[in-house]
Amino acid sequence: MYKVLLADDDYPVIEFLRQEIPWVELNLQCIGYAEDGLSALAKAQEEMPDILITDIGMPGMNGIELIQHLKQLNPKMRTVILSCHDEFQYTRQAVKLHVQDYVLKESMEIEEMVDILKKLLVQMDEEQNETRRNQGMLLSFKQNQDTLKEKLISKLLHAPIFDEAEWHREFDKFGIDFSTKKYFSVICYINQYDMQLKRFQSEEVLVYAISNIIDEILHNNQDAVCFRLGSKELLFLFAGTRMTGNQVTDFDKKPLQDIQSAIHKYIKIDVSFIMGEHYSSNIKVLKREINVLMELSLQRFYLADRVVIRMEQLTVPFAREDIFQYYSEVSDAFGKLLLDEAVELIDETISEWFRFFIEHRFHPEELKSFILRLVMDQYVKVRSSAQYFDFEMSKELLHQAVLSVESVYELEVWLTLFWKSLLESISTMSKRSRRMEIIKAQKYVLTHLDQKITLEEVSELLHLNPAYFSRLYKKETQESFIGYVTRMKMEKAKEWLETTNKTVEEISVQLGYENKSYFNKCFKSIYKMPPSLLQQNLGLK
């Protein structure tokens, strides 16, 4: 739906247009009106119109000036001028501004305005269709180029190099000129890839969104080319233009930082960069350096998100001590969270232990095995003790989820979400389990109102300790179990008194009361009168 803004200091004209033009029928939205040019400019800056219908002679800023300002903001905006002047000077100015139509107020008819708007709609639809066609062609071209670039890099990394000149010609197609420049490689990693993939629901859409932003940032950078390495990594080749040697020491990180900021700003994704060490125009050297960068996945496990770091900074060794010596302590701490249903302590507990893991720098595979065992042990314990448990996750999915994470921070986020989900299911299960016990007890009462019902009898039926069942019932219903039994029996007694000819004595016996006076006392405690008085008030025996 296209947007229309009205500007005229003649209020009756504004009202005439607003009320008489069938906006919705024309697929138009009148987004507002203004009585002078300055107000119209302010409104347009808040919400840009596709069509401006404006008077010429307005206070503060006339229509011609308003059009000049808005055309700078939206060159594609269509304009219709309303005027009381039939003078060539205004017509001439309007033509220069590519105004689509010029209507004299004295002779304006609503049919004429509708026809003008219909013509503008046809023009704008055609322009939009042409834009879509062009964008489709550009997208198809870009996707084809990206595919060719991806194939070239894959071939470089996996195929032997015999003829370097042939490789130079292949790279030259994508702006990589090894004959005059030296290049060094930078690997870009998509942080928390699996979580982002769920957001975008498609690997192609995710990578395309990131690539678009990168292309925008590098559009005017003739010394940088981006290649897709796989689903989680991109490769940048940067040319050295002011080098005194082969060592990458003075590279300006700003393009990488700009890419990080833009990707985070526009699609809320964090990426990290690992930079190579050497410039080279030798294909074999470049291939070797790219492979080394790609093998640093374990080393980047402890890197924070959104970092730009050099390859040589990733040489800190992992701890040699056995992480499983801490298993009992960690398992007890995490198990207590589930036992106490302490959801408010999950973030703090997990953060504290992960600070410990990060400080010690345990080997990534050992840490993931540790977390997997922790999760599996607790999960099995909960399932084995649960009568009603909705949380379903196969061992295969748990293995896949834990082993696929690529950083300790991603692992921490995953474990926190998992533990909260598990605890939520335990809480629901616990409530449902308790609720089922209550429902069973109440059902028993309602089907045995003719008998004497005791707390011990129902507790034994439910395989619960009487004292525990008494506390449980009170907690779940805010009423004692014996109070519930009495209330149900008295409600039945009242129903019989109101609808049958049974005597108080007969009702008392049929409800399992051996002592009539006790029955009377129970009835009076609930209805504030003895059953015999209720009979009298109802006109019964």
Side-chain angles (χ1 to χ4, degrees), residues 191-195 198 270 297-305 316-434 465 468 471-472 475:
N191 301 138
Q192 300 186 23
Y193 176 82
D194 288 342
M195 184 176 72
K198 289 178 182 177
D270 290 329
S297 58
L298 280 180
Q299 293 293 334
R300 72 182 185 89
F301 185 78
Y302 285 99
L303 288 182
D305 291 346
V316 181
F318 298 121
R320 292 186 176 182
E321 65 176 322
D322 181 11
I323 187 175
F324 282 92
Q325 65 181 299
Y326 302 103
Y327 185 80
S328 177
E329 185 179 356
V330 176
S331 181
D332 288 347
F334 279 62
K336 192 173 188 304
L337 292 175
L338 301 182
L339 186 64
D340 297 342
E341 296 184 21
V343 66
E344 72 282 357
L345 297 178
I346 290 178
D347 290 313
E348 179 184 343
T349 303
I350 291 179
S351 292
E352 182 179 343
W353 276 108
F354 267 80
R355 282 194 296 271
F356 174 80
F357 298 148
I358 291 168
E359 288 171 4
H360 283 68
R361 280 184 63 86
F362 296 107
H363 192 282
E365 298 304 327
E366 291 182 1
L367 177 57
K368 287 194 277 189
S369 296
F370 182 93
I371 296 299
L372 183 59
R373 177 179 167 185
L374 177 71
V375 167
M376 291 298 302
D377 285 353
Q378 295 296 338
Y379 180 67
V380 169
K381 284 180 184 178
V382 171
R383 283 206 62 81
S384 64
S385 63
Q387 186 177 359
Y388 312 100
F389 192 58
D390 286 338
F391 190 88
E392 293 291 343
M393 180 174 276
S394 66
K395 292 182 179 179
E396 291 75 17
L397 285 177
L398 284 173
H399 274 83
Q400 181 181 344
V402 174
L403 298 180
S404 65
V405 298
E406 297 186 331
S407 80
V408 68
Y409 304 99
E410 184 180 346
L411 185 59
E412 180 179 354
V413 169
W414 180 87
L415 185 62
T416 302
L417 293 175
F418 176 85
W419 225 255
K420 287 181 178 179
S421 298
L422 184 60
L423 187 52
E424 182 180 345
S425 295
I426 291 172
S427 179
T428 301
M429 171 198 71
S430 179
K431 290 176 182 176
R432 183 187 301 175
S433 177
R434 292 196 295 265
N465 176 275
Y468 170 76
R471 291 195 301 273
L472 172 64
K475 179 181 178 182

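Worth knowing before you read on, the calculation uses all heavy atoms, side chains too, and leaves out hydrogens, waters and symmetry mates.
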How far apart are the closest heavy atoms of Q400 and S404, and which atoms are they? O-OG, 2.9 Å

If you take all heavy atoms of Q299 and V316, which pair is closest and at what distance? OE1-O, 3.6 Å

Quick one: ring-ring contact (aromatic ring centres under 6.0 Å, His included) partners of F301, sequence neighbours excluded? none

What I'd like to find out is whether the side chain of K475 reaches to under 4.5 Å of the side chain of L472, using heavy atoms alone. no

Would you give the length of the straight line joining atom CG of L374 to atom CZ of F418, rounded to the nearest 0.5 angstrom? 9.0 Å

Could you walk me through whether D194 and E406 pass the side chain to side chain contact (heavy atoms under 4.5 Å, CB included) check? CA-CA 10 Å; D194 288 342; E406 297 186 331; over 6 Å; no

Atom pair CZ (F318) and CD (E365), whose distance is rounded to the nearest 0.5 Å: 9.0 Å

Is any side-chain heavy atom of I358 closer than 4.5 Å to one of Y409? yes

For the residue pair N191 and E410, confirm or rule out a side-chain donor-acceptor distance under 3.5 Å. no

Could you verify whether a donor N or O on one side chain and an acceptor N or O on the other, from Y327 and D322, lie under 3.5 Å apart? no

Apply side chain to side chain contact (heavy atoms under 4.5 Å, CB included) to residues T349 and E352 and explain how you reach the verdict. CA-CA 5 Å; T349 303; E352 182 179 343; 5.8 Å; no

Would you say K368 and V405 make side-chain contact, with heavy atoms under 4.5 Å? yes

Is the distance from the ring center of F357 to that of F370 below 6.0 Å? yes

Are any of the side-chain heavy atoms of V343 and W419 separated by less than 4.5 Å? no

Value rounded to 0.5 Å, distance of CG in L345 from CG in L423: 10.0 Å

Indicate yes or no: at least one non-hydrogen side-chain atom of H363 is less than 4.5 angstrom from one of L298. yes

Side chains of S407 and D305: do they bring a donor and an acceptor to under 3.5 Å? no

If you count heavy atoms of other groups shown closer than 6.0 angstrom to CD of E348, is the number above 12? no

Can you tell me how far CD1 of I323 sits from CZ of R361, rounded to the nearest 0.5 angstrom? 13.0 Å

For the pair F354 and L411, evaluate side chain to side chain contact (heavy atoms under 4.5 Å, CB included) and give the outcome as yes or no after the intermediate values. CA-CA 9 Å; F354 267 80; L411 185 59; 4.0 Å; yes

Does the side chain of I346 come within less than 4.5 Å of I350's, by heavy atoms? yes

Residues Y326, H360; criterion side chain to side chain contact (heavy atoms under 4.5 Å, CB included); working and verdict: CA-CA 12 Å; Y326 302 103; H360 283 68; 4.1 Å; yes

Side chains of E321 and F362: closer than 4.5 Å at any heavy-atom pair? yes

Give a yes or no on whether a salt bridge exists between D377 and R373, defined as a side-chain N under 4.0 angstrom from a carboxylate O. yes

Quick one: are Y302 and L367 in side-chain contact, heavy atoms under 4.5 Å? yes

Over 60° means perpendicular and under 30° means parallel, so tell me whether F356 and W353 are parallel, tilted or perpendicular. perpendicular

